[in-house]
2 protein chains.
Amino acid sequence: MSIKPTPETFQGVLVDADTQIESFRQTRNSRRTELVEDYVELIADLIADGGEARQVDIAHRLGVAQPTVAKMLKRLAAEGFIQQKPYRGVFLTARGNELAARSRERHHIVESFLCALGISPETARIDAEGIEHYVSAETLEAFKSHLAKLG
Amino acid sequence: MSIKPTPETFQGVLVDADTQIESFRQTRNSRRTELVEDYVELIADLIADGGEARQVDIAHRLGVAQPTVAKMLKRLAAEGFIQQKPYRGVFLTARGNELAARSRERHHIVESFLCALGISPETARIDAEGIEHYVSAETLEAFKSHLAKLG
DNA sequence: ACGACAATATAGCCATTGCTATATTCTTGT
DNA sequence: ACAAGAATATAGCAATGGCTATATTGTCGT
Ligand SMILES: [Mn+2]
Ligand SMILES: [Mn+2]
Ligand SMILES: [Mn+2]
Ligand SMILES: [Mn+2]
């Protein structure tokens, strides 16, 4: 509102503007990196499991079509996360491996934390797949502390 | 992998395929409704606070440009969440009000839960803005239980 | 009453993330 | 060796969510 009839001090529903702006900005940012994180994490897992990460396997795991994967892999290669040999599987660069490791650890902490709260493993897995990308370092630490306390 | 050299029973890094597919599907779904939820919630808050929700205020709060808001409002109107009078603020339909109420409550629970974990209010606010959209009913209940336990 | 200014509308651009359809290339079994 | 099938590449489309620039419309103060 440009002109507020009721002064802010009456504490309406509205939250501090600057914090909210920053929250939305941060969320938009996380949304932009979400897919990249899931891809490198999945690629790392596929390589760890079967020695290679092929487009068909990635597509199947993600539940999307193969050309969708092909396009994203090009982007990941352009951004230096993976290396692609035509008609071969993809491999992670050092940078890709780092991001994969960070993502995997964060993912695991979030999922474990949800399980520790008594949430069913299925739901924990589903929710963690989304939540992981929006958890800050501070929140991750809090999750870890909570897990340690129950350890 | 079409042909696995190591049988699944050796329990590699890879998680059950069907659950993972479903997790990614669910996450993509939540991502699609994320913005809509934030818009109606914000519109409800602006109306509660100042009696009206104008494009400029929405744009300012979200940290985006006014035409971005104008386009989204058309979509919200088309989907029956709001009513628009040209050159006037927007108003929520019954459907819009319902979604706003649900979103606001869920948002509040997530933020309170994070605070209860000892996370700073600033971080809790930022993280909750993203996390809220990926929290299932079951997880929300677990958060509520945890909050109740802390009295 | 009307000119300034504020708010909204519209046009046109771009990036992202999905899709289908189809062409190309690799691999494998006979 | 080579045909069939599997995997990858490419083309072209659509929806979404951003942006800037600009036109139109309301509102308010004098
Ligand atoms: Mn993940
Ligand atoms: Mn994920
Ligand atoms: Mn919200
Ligand atoms: Mn939000």
Side-chain angles (χ1 to χ4, degrees), chain A residues 1-5 21 24-40 42-43 46 50-79 81-91 129-130 133, chain B residues 1-5 21 24-40 42-43 46 50-79 81-91 129-130 133:
Chain A
M1 314 293 111
S2 28
I3 298 152
K4 294 199 197 336
I21 293 167
F24 284 128
R25 213 192 54 75
Q26 283 262 72
T27 300
R28 277 194 301 274
N29 226 56
S30 298
R31 200 168 49 217
R32 274 204 358 257
T33 56
E34 203 179 324
L35 255 193
V36 171
E37 291 168 355
D38 280 338
Y39 265 83
V40 295
L42 177 56
I43 290 168
L46 285 169
E52 60 176 354
R54 302 182 311 165
Q55 289 189 12
V56 276
D57 300 319
I58 298 171
H60 176 244
R61 283 266 163 182
L62 289 176
V64 298
Q66 169 262 324
T68 300
V69 172
K71 203 191 283 184
M72 178 60 60
L73 291 185
K74 268 189 190 163
R75 186 182 143 200
L76 293 182
E79 291 180 12
F81 291 112
I82 65 169
Q83 248 187 309
Q84 256 184 314
K85 311 184 189 150
Y87 284 89
R88 286 283 166 73
V90 298
F91 305 91
E129 194 58 76
H133 311 282
Chain B
M1 310 294 109
S2 30
I3 298 152
K4 293 201 195 348
I21 292 167
F24 284 129
R25 213 191 54 76
Q26 283 262 70
T27 299
R28 277 194 302 273
N29 228 55
S30 299
R31 200 167 50 218
R32 273 201 3 255
T33 56
E34 203 179 324
L35 255 193
V36 172
E37 290 168 354
D38 280 339
Y39 265 84
V40 296
L42 177 55
I43 289 168
L46 286 169
E52 59 175 356
R54 301 182 310 164
Q55 289 189 13
V56 276
D57 300 318
I58 298 171
H60 176 243
R61 283 267 163 183
L62 289 175
V64 299
Q66 169 263 325
T68 300
V69 172
K71 202 191 283 184
M72 179 58 61
L73 292 185
K74 270 190 189 159
R75 188 182 142 199
L76 293 182
E79 291 180 13
F81 291 111
I82 64 169
Q83 247 187 311
Q84 257 185 314
K85 312 185 188 150
Y87 284 89
R88 286 283 167 74
V90 299
F91 305 90
E129 193 58 76
H133 310 282

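For the numbers below, each heavy atom of this structure counts, side chains included, while hydrogens, waters and symmetry mates do not. Just so it is clear: chains get the letters A, B, ... in the order the sequence lines come, proteins before strands, and each one is counted from 1.
Taking the side chain as every heavy atom from C-beta outward, B:Glu34 and A:Thr27 approach each other to under 4.5 Å. In this structure, A:Ile43 and A:Leu46 have side chains that are not in contact, with every pair of non-hydrogen atoms separated by 4.5 Å or more.
Side-chain N or O atoms of B:Arg61 include none that pairs as donor or acceptor with a backbone N or O of A:Phe24 at under 3.5 Å.
Judged by closest nucleotide on DNA chain D, A:Gln84 is the one of A:Gln84 and B:Met72 placed further toward the 5' end. Looking at which nucleotide of DNA chain C each of A:Pro86 and A:Val36 is closest to, the 5′-most match is held by A:Val36.
DNA chain C is contacted by no residue of residues 25-33 of chain A, taking any non-hydrogen atom closer than 4.0 Å.
Taking atom CZ of residue A:Arg54 and atom P of nucleotide C:dC26, one finds them 15 Å apart after rounding to whole Å. Spacing between atom CZ of A:Arg75 and atom P of C:dT17 amounts to 4 Å, rounded to whole angstrom units. One atom, CG of A:Leu73, and another, C1' of D:dT10, lie 14 Å apart when rounded to the nearest Å. One can place NZ of A:Lys71 at 12 Å from P of D:dA11, the figure rounded to the nearest angstrom. Atom pair A:Glu34:CD and C:dG18:P shows a separation of 10 Å (rounding to whole Å applied). Separating the CD atom of B:Glu52 from the P atom of D:dG26 is a distance of 16 Å, rounded to the nearest angstrom. Atom NE2 of A:His60 is separated from atom P of D:dA7 by 12 Å (rounded to the nearest Å).
Pairing each heavy atom of B:Asp38 with each of B:Glu129, the nearest pair is OD1-OE2, 2.9 Å. Closest of all the heavy-atom pairs between B:Ser30 and B:His133 is CB-O, 3.3 Å. The heavy-atom pair separating A:Ile58 from A:Ala53 by the smallest distance is CD1-CB, 4.4 Å.
Taking 4.0 angstrom as the limit, B:Arg88 places a side-chain polar atom (N or O) nearer than this to OP1 or OP2 of D:dT27. Taking 4.0 angstrom as the limit, A:Thr68 places none of its side-chain polar atoms (N or O) nearer than this to OP1 or OP2 of C:dT17. Phosphate contact (OP1/OP2 of D:dA9, side-chain N/O of A:Lys74, threshold under 4.0 Å): absent.
In this structure, A:Arg88 has no salt bridge (charged side-chain N to carboxylate O under 4.0 Å, His left out) partners at least two apart in sequence or on a different chain. Partners of B:Arg32 under the salt bridge (charged side-chain N to carboxylate O under 4.0 Å, His left out) rule, at least two apart in sequence or in another chain, do not exist in this structure. Looking at residues two or more places apart in sequence or on another chain, you find a side-chain contact (heavy atoms from CB on, under 4.5 Å) between B:Gln26 and A:Ile126, B:Glu22.
Here side chain to side chain donor-acceptor pair (under 3.5 Å) pairs that include residues 62-77 of chain A, with residues two or more places apart or in two chains, are A:Gln55-A:Gln66, A:Arg75-A:Glu79.
Checking D:dC19, D:dT10, C:dT17 against the side-chain heavy atoms of A:Ala70 singles out D:dT10 as nearest. Side-chain proximity of A:Ala65 to the nucleotides D:dT27, C:dT10, C:dC19 is greatest for C:dC19.
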Sub-3.5 Å pairs of nitrogen or oxygen atoms, protein against nucleotides 22-24 of chain C:
{"residue": "C:dT24", "atom": "O2", "partner": "A:Tyr87", "partner atom": "OH", "Å": "2.7"}

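Residue contacts shown for B:Lys85 are absent, as no nucleic acid heavy atom lies under 4.0 Å away.
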